[in-house]
Amino acid sequence: MKHRIAIFSNGYNGSITLKAIEGIKRYAAIKDFDTHFYIGFAASNEKPTFNVGQFNIYQLARLEEYDGLIVFSGLLNNPELAAESCKLAKDKGVPVVSIGMPVDGVPYVGINNEQGMRDLVEHLITEHNVKSIVYVGGTEDHVDTIERRRVVSEVMEKHGMKLDDNNIYYGNWVNEAAIDIANKLAADPNGLPDAIVCANDIMALAICCELRDLGYDLPNDVIVTGFDHIGEGSVSYPALTTVDQDYETIGYDACQKLYNIIEGKEDDGLASIFSKLVIGESCGCNCFSNSPCDISRRNYCRNIHLKSKKADFFNRFMRTERTTILECKEYEEMKNALRNYYTYNHDYIGSDYYIMLNKDYYDDVASEDSKLLANCYNTTFDPTVAMLDGRITEDGIDKRLGIPGFIKKPGEQHIYFFYPLHNEQYNYGYVVFIDGTYIIDEAFRIYEYLEKLENSFVELRINMRLEVVNKELRFLYDKDPMTGLYNRFCFVSHAYPLVENSKANGQKAMIMFIDINHMKRINDRYGHICGDKAIGIVADAIKQCIGNDEVIGIRYGGDEFLIIAANATEDFAEKFKHDMETYIDNENKLGLNPFKFSISVGYVLTDPASEKKVSDYVEEADVMMYEIKNEHHRTHPEED
């Protein structure tokens, strides 16, 4: 026994997950196992590439390292993926249980949505005399959408009514589509129906808010109901009449079924948990002082200031976190900065927290994501941040697997939450939280946090990539492409400061001009390729003589070169000249080129007490070099 199980779930159903966790905790205490939740945020209104990046988190789970797998198949927003996950576990010999969606050959914990929805529609018709109903489902082909629509239709038919096709809408489980539906219903010349029955609370709350903004009084003008019994629905006004699916019992029963299989007990087949009606205010009930809804809302409001302050502090935490990341120039700097930041700022993320990144993603910023991240989670990840008990340490990472959370402590039960980090469909890392934290427990805080963290990590890489490009551009702008020396255009930005700094230090600077003797003769007799070769040899001689950052070489134009050295002496200048000439003499002696050549060198040393400009010294060195060059041409007229 490994004493850990994996669970695949969806982050958009966070309130449902939190309820299920309570049941899982109770059973974990009995069997002493850890729980690893792998959670994505795929949704029907997201880009397909974004959803791929979210779905990929399930690939991180090494199923053979678990005693079993539970798949919230009805919540993943991808029935095919849910079925494939269950099949993969079976193929690996890992016990698996599906929740919410039947999968062939897989033990199943079902939810009897029918009973709760049936009671809800009966309540609307018999207690509130509802005559017309609009049904708002999730995605059209989803099993829950279909089942809940069927029940609404059956109960209406029982009472002599009919759910017409033009009274059926699909809100894809999300706010935006539900708001559009609310506006369509409000614009209908026949007016609003008596009731709008929604397949989840999120759509119901969105419709309530939109209708109120349009001037409608709920529930007097229209009844709106939901399904799921999420926290926001309980404290909204009016509090939602909805259906509770009892996910705490579902979590407990799923674990019990899984461990029965693990221990070799005979599977008892389908386990079905009944949903139940929760009567709020949005149907017109409980609209009195000190009602259960009113008490819940008042209790919530008592803490609203604290919640608001915590939200403000959390946003400040995220802003500082982002600044910490983006002030860095490279990966190791970012890694150290984040570790230091979280050491003193982990109230929101908890004292056990990991960020695992693909280091290659930052070491090779020039490569495209499609090439660099092709292996997805089948690669090695660096513990960018590894914090255990509030200390930066990698003790919590299994050295064999390289993944946090695989070190089980007997007698302790922990819940690990694994979330993907990705840029569209390409995953470059993941985040791990342990047990309850502010980010996990507050609705959608985790999504907001991950979104901002992902943006910061991707922006850092973009900045690093731009810096590489900018360096290349600066090199192309500053450097002579033929010799690799600086070009004439960077004289002011690179050479001028060396002279000025020497003057400020009371030191002399050297300005040296170099020119190739009889360059025209080399070009005319041997061709420009040989002329270029001669220029290259001089450049190599200069580069070999430059020993530190206080000396730079410039190809000033054609076969002319300029050397600037800070804090120089006469001995330094003479040695520099001698070493260059020796290098060229040695090249001539090798006989690898059809020509031999020499250079003329003139230099001056600046006077730190003088008011002369740098350009004056350059002109002096230039004049001196030409005097030497003219003398050389006079005494060596036939040199080649």
Side-chain angles (χ1 to χ4, degrees), residues 5-31 33-40 58 66-77 79 82-83 85-86 89 95-103 106-120 138 142-145 147-148 151 173 199-202 226-231 233-234 242-262 265 267-278 413 415 417 436 440-441 443:
I5 67 169
I7 297 181
F8 293 175
S9 188
N10 187 298
Y12 277 123
N13 306 102
S15 58
I16 289 175
T17 300
L18 290 174
K19 290 178 183 178
I21 284 173
E22 294 307 312
I24 292 168
K25 282 181 178 178
R26 287 195 286 118
Y27 201 78
I30 297 171
K31 294 294 185 180
F33 62 83
D34 284 346
T35 309
H36 290 197
F37 273 91
Y38 293 86
I39 300 179
Y58 309 124
Y66 292 95
D67 293 327
L69 169 68
I70 294 174
V71 180
F72 280 82
S73 50
L75 303 181
L76 293 192
N77 287 324
S85 299
C86 292
V96 58
V97 171
S98 172
I99 294 177
M101 186 185 86
V103 177
V106 174
Y108 168 60
V109 176
I111 305 159
N112 190 328
N113 290 322
E114 178 174 341
Q115 188 59 53
M117 181 61 87
R118 190 173 297 279
D119 290 344
L120 185 147
H142 196 283
V143 61
D144 290 341
T145 295
E147 183 181 29
R148 293 166 198 178
V151 172
W173 309 111
N200 75 355
D201 287 351
I202 290 173
F227 201 105
D228 285 338
H229 195 211
I230 65 175
S234 300
T242 184
V243 175
D244 187 350
Q245 300 177 81
D246 193 6
Y247 264 91
E248 182 173 343
T249 300
I250 289 169
Y252 185 93
D253 285 6
C255 289
Q256 186 177 52
K257 180 179 281 289
L258 183 65
Y259 267 85
N260 283 342
I261 301 168
I262 293 169
K265 298 176 184 177
D267 177 34
D268 56 359
L270 168 67
S272 185
I273 309 302
F274 282 89
S275 58
K276 58 185 178 182
L277 172 64
V278 177
Q413 300 87 44
I415 298 179
F417 299 89
I440 298 295
D441 294 341

D67 side chain vs I5 backbone, donor-acceptor pair below 3.5 Å
no

Taken in chain and number order and not counting sequence neighbours, the residues that satisfy ring-ring contact (aromatic ring centres under 6.0 Å, His included) with H36 are Y66, F406, Y416, F418

**Message:** Strictly distance-based, threshold 3.5 Å: is any side-chain N or O of S9 a donor or acceptor partner for the main-chain N or O of F72?
**Reply:** no

**Prompt:** Under 3.5 Å, is there a donor-acceptor pair linking the side chains of Q115 and D119?
**Reply:** yes

Requested in this report: Hey, can you tell me if Y252 and Y27 have their rings parallel, tilted or perpendicular (30° and 60° cut-offs)?
Outcome: perpendicular

Distance col, row S15:OG vs I202:CD1, nearest 0.5 angstrom, shows 7.0 Å

Heavy-atom closest pair (V96 atom, P107 atom, distance to 0.1 Å) is O-CD, 3.4 Å

Chi angles and distances behind the side chain to side chain contact (heavy atoms under 4.5 Å, CB included) call for L258, F33: CA-CA 12 Å; L258 183 65; F33 62 83; over 6 Å; no

Closest heavy-atom pair, A89 versus L69, reported as atoms and distance to 0.1 Å, is CB-CD2, 3.8 Å

The reported gap from OG1 in T145 to CG in N113 (rounded to nearest 0.5 angstrom) is 10.5 Å

Check your understanding: Do E147 and M117 come within less than 4.5 Å of each other through their side chains, counting heavy atoms only?
Key -> no

Closest non-hydrogen atoms of Y247 and I99, given as atom of the first, atom of the second and distance, are CE2-CG2, 4.4 Å

Heavy-atom closest pair (G11 atom, I39 atom, distance to 0.1 Å) is N-CG2, 3.2 Å

Measure from the side-chain N and O atoms of D201 to the backbone N and O of F227, and report whether any donor-acceptor pair falls under 3.5 Å.
yes

Stepwise, does the side chain to side chain contact (heavy atoms under 4.5 Å, CB included) test hold for I7 with I24?
CA-CA 11 Å; I7 297 181; I24 292 168; 3.5 Å; yes

| field | Side-chain (D228) to main-chain (I230) donor-acceptor, under 3.5 angstrom | value | no

Indicate yes or no for a side-chain donor-acceptor contact from H142 to the backbone of G74 under 3.5 Å, with no hydrogens or angles considered.
yes

To the nearest 0.5 Å, atom CG of L277 lies from atom NE2 of H229 at 10.5 Å

Taken to the nearest 0.5 Å, the spacing of Y108 OH from S272 OG works out to 7.0 Å

Quiz prompt | Side chain proximity check, K31 to I262, heavy atoms < 4.5 angstrom | solution = no

Value for SG (C86) from CD1 (I70), rounded to nearest 0.5 Å, stands at 10.5 Å

Side-chain donor/acceptor of S275 to backbone N/O of N112, under 3.5 Å: yes

Correct closest heavy-atom pair for L120 and V243 would be CD1-CG2, 3.8 Å

Scanning both residues in full, the closest heavy-atom pair of I16 with Q245 reads CD1-NE2, 4.3 Å

- State whether the side chain of T35 and the backbone N or O of I415 hold a donor-acceptor pair below 3.5 Å, judged by distance alone. no

Candidate pair I30 and Y259, rule side chain to side chain contact (heavy atoms under 4.5 Å, CB included), full reasoning: CA-CA 11 Å; I30 297 171; Y259 267 85; over 6 Å; no

* Begin from the C-alpha positions of Y12 and W173 and carry the test side chain to side chain contact (heavy atoms under 4.5 Å, CB included) through to its verdict. => CA-CA 10 Å; Y12 277 123; W173 309 111; over 6 Å; no

In this structure, OG1 of T17 is separated from CG of N10 (nearest 0.5 Å) by 7.5 Å

